[in-house]
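In what follows, a single structure is set out as structure tokens and then discussed.
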Amino acid sequence: MTGITALDEARAFLSTTKARGAKARVQQALDTATVDRALPTSPVVSELLAGAPLRGGAVYSVHGSTALVMAMMAGPSAEGAWCGVVGMPSFGAEAAQALGVDLERLVLVPDPGREWLNVVAALVDALTVVVVRPPGEVTPGEASRLAARLRTRGALLIASGSWPGSEARLEIESNAWTGLGDGEGLLAARQATVAVTTRRAGTTPRRHHLWLPAPDGTLRTITPPALTTAPTWQEEAVG
């Protein structure tokens with residue numbers, strides 16, 4: 001898929017959405033987000049943000065976990081928000097659904113090409129949550145132009161990777177998979193340490209321990225004794 005084709009398809013989606021009447025519902029959700037400046041947030045994500053909700057008009061960057069990106073999408077999606085995912089061809093729709101993302105209101109643009117920023121801007125005009133994996137470094141100018149659009153629309157951007165001026169940066173520092181024994185068994189759950197740095201709290205990160213996911217497939221905070229659960233399989237690289 002070329003960049004131009006991806007942009008055309010994004011615009012075609014917006015046109016089709018408007019034609020079948022769903023655009024009005026999307027706009028209503030956006031108007032509410034603009035007024036309240038707060039979006040529905042799952043409990044585990046709110047805990048990572050020190051009890052704060054996700055903010056419309058802001059950017060959050062996530063490093064090392066697509067599951068955490070999905071968890072951030074799930075709160076708004078469960079309350080009727082439309083979401084879009086740009087530049088993530090391996091994004092697992094079934095996994096997203098299991099974490100609470102409504103696939104009926106999900107737009108996927110796997111390969112936006114060079115026009116990725118224009119595709120994101122087009123989706124921001126009509127969707128409440130847009131996820132993007134930038135193909136390279138985002139310049140301050142690019143971030144600034146899109147930030148103005150996000151504030152106007154009250155939309156939320158989640159960057160899978162670095163993003164200048166993000167409201168919060170969530171990074172997986174370490175992983176430990178459970179369920180794999182000595183040459184046998186299946187990976188059943190993952191314990192992760194997440195370092196969270198927010199603009200309001202300064203540069204010192206706060207660390208949280210999560211099941212990402214837990215053995216039952218959910219995402220939740222780990223109590224300290226669970227950190228020693230065995231057997232585990234340590235993972236050096238996160239992704």
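None of these values were measured; they are calculated from a predicted model.
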- Out of curiosity, Arg133 CZ to Met88 CE, how far, rounded to the nearest 0.5 Å? 4.0 Å
- Item | Arg190 side-chain N/O to Leu212 backbone N/O, donor-acceptor pair under 3.5 Å | yes
- Going by heavy atoms in the side chains, are Leu210 and Val44 under 4.5 Å from each other? yes
- Message: What's the separation between atom CG in Leu117 and atom CZ in Arg145, rounded to the nearest 0.5 Å?
- Response: 7.0 Å
- Item | Taking every non-hydrogen atom, the tightest pair across Ala214 and Arg220 | CB-NH1, 3.3 Å
- Query: What is the minimum heavy-atom distance between Val86 and Pro112, and which atoms define it?
  - Reply: CG1-CG, 3.6 Å
- Message: Give me the atom names and distance for the closest heavy-atom approach of Leu99 to Ala74.
- Response: O-CB, 3.2 Å
- Close side-chain approach of Leu146 and Trp163, heavy atoms under 4.5 Å: yes
- For Arg153 and Asp125, indicate whether the former's side chain and the latter's backbone hold a donor-acceptor pair under 3.5 Å. yes
- Query: What's the shortest heavy-atom distance between Ser166 and Ser61, and which atoms?
  - Reply: OG-OG, 3.5 Å
- Evaluate the side-chain proximity of Arg55 to Glu167: yes if any heavy-atom separation is below 4.5 Å, no if none is. yes
- Item | Side chain to side chain, Met73 and Val131, heavy atoms closer than 4.5 Å | yes
- Message: Looking at Pro76, is its backbone amide N or carbonyl O close enough to the side chain of Glu79 to form a donor-acceptor pair, meaning the two atoms are under 3.5 Å apart?
- Response: no
- Task: Nearest 0.5 Å please: distance from the CD1 atom of Ile172 over to the CG atom of Leu68.
- Result: 5.5 Å
- Kindly determine whether Val85 and Val109 satisfy side chain to side chain contact (heavy atoms under 4.5 Å, CB included), including the steps that lead there. CA-CA 6 Å; Val85 179; Val109 186; over 6 Å; no
- Note on the structure: When rounded to the nearest 0.5 Å, the distance separating CG of Leu48 from NE2 of His208 is 5.5 Å
- Task: For residues Phe91 and Leu108, determine if any side-chain heavy atom of one lies less than 4.5 Å from a side-chain heavy atom of the other.
- Result: yes
- Task: Mind listing the closest non-hydrogen atom pair of Pro53 and Leu39 along with its distance?
- Result: CB-O, 3.9 Å
- Query: Where do Ala67 and Leu219 come nearest, in terms of heavy atoms and distance?
  - Reply: O-CD2, 3.9 Å
- Query: If we only count heavy atoms from C-beta on, is the Asp102 to Ser77 side-chain gap below 4.5 Å?
  - Reply: yes
- Query: Is any side-chain heavy atom of Val194 less than 4.5 Å from a side-chain heavy atom of Val196?
  - Reply: yes
- Note on the structure: Taken to the nearest 0.5 Å, the spacing of Trp211 CH2 from Thr218 OG1 works out to 10.0 Å
- Candidate pair Thr204 and Thr197, rule side chain to side chain contact (heavy atoms under 4.5 Å, CB included), full reasoning: CA-CA 6 Å; Thr204 302; Thr197 306; over 6 Å; no
- Message: Counting C-beta onward and ignoring hydrogens, is there a side-chain heavy-atom pair between Tyr60 and Leu49 closer than 4.5 Å?
- Response: yes
- Item | Pair Val130-Leu156, side chain to side chain contact (heavy atoms under 4.5 Å, CB included): steps then yes or no | CA-CA 6 Å; Val130 178; Leu156 167 69; over 6 Å; no
- Item | Glu47 versus Thr221, side-chain donor and acceptor atoms under 3.5 Å | yes
- Item | Separation of Arg169 CZ from Ser162 OG (nearest 0.5 Å) | 5.0 Å
- Message: Treating Thr41 as the side-chain partner and Leu54 as the backbone partner, does any N or O pair qualify as donor plus acceptor under 3.5 Å?
- Response: yes
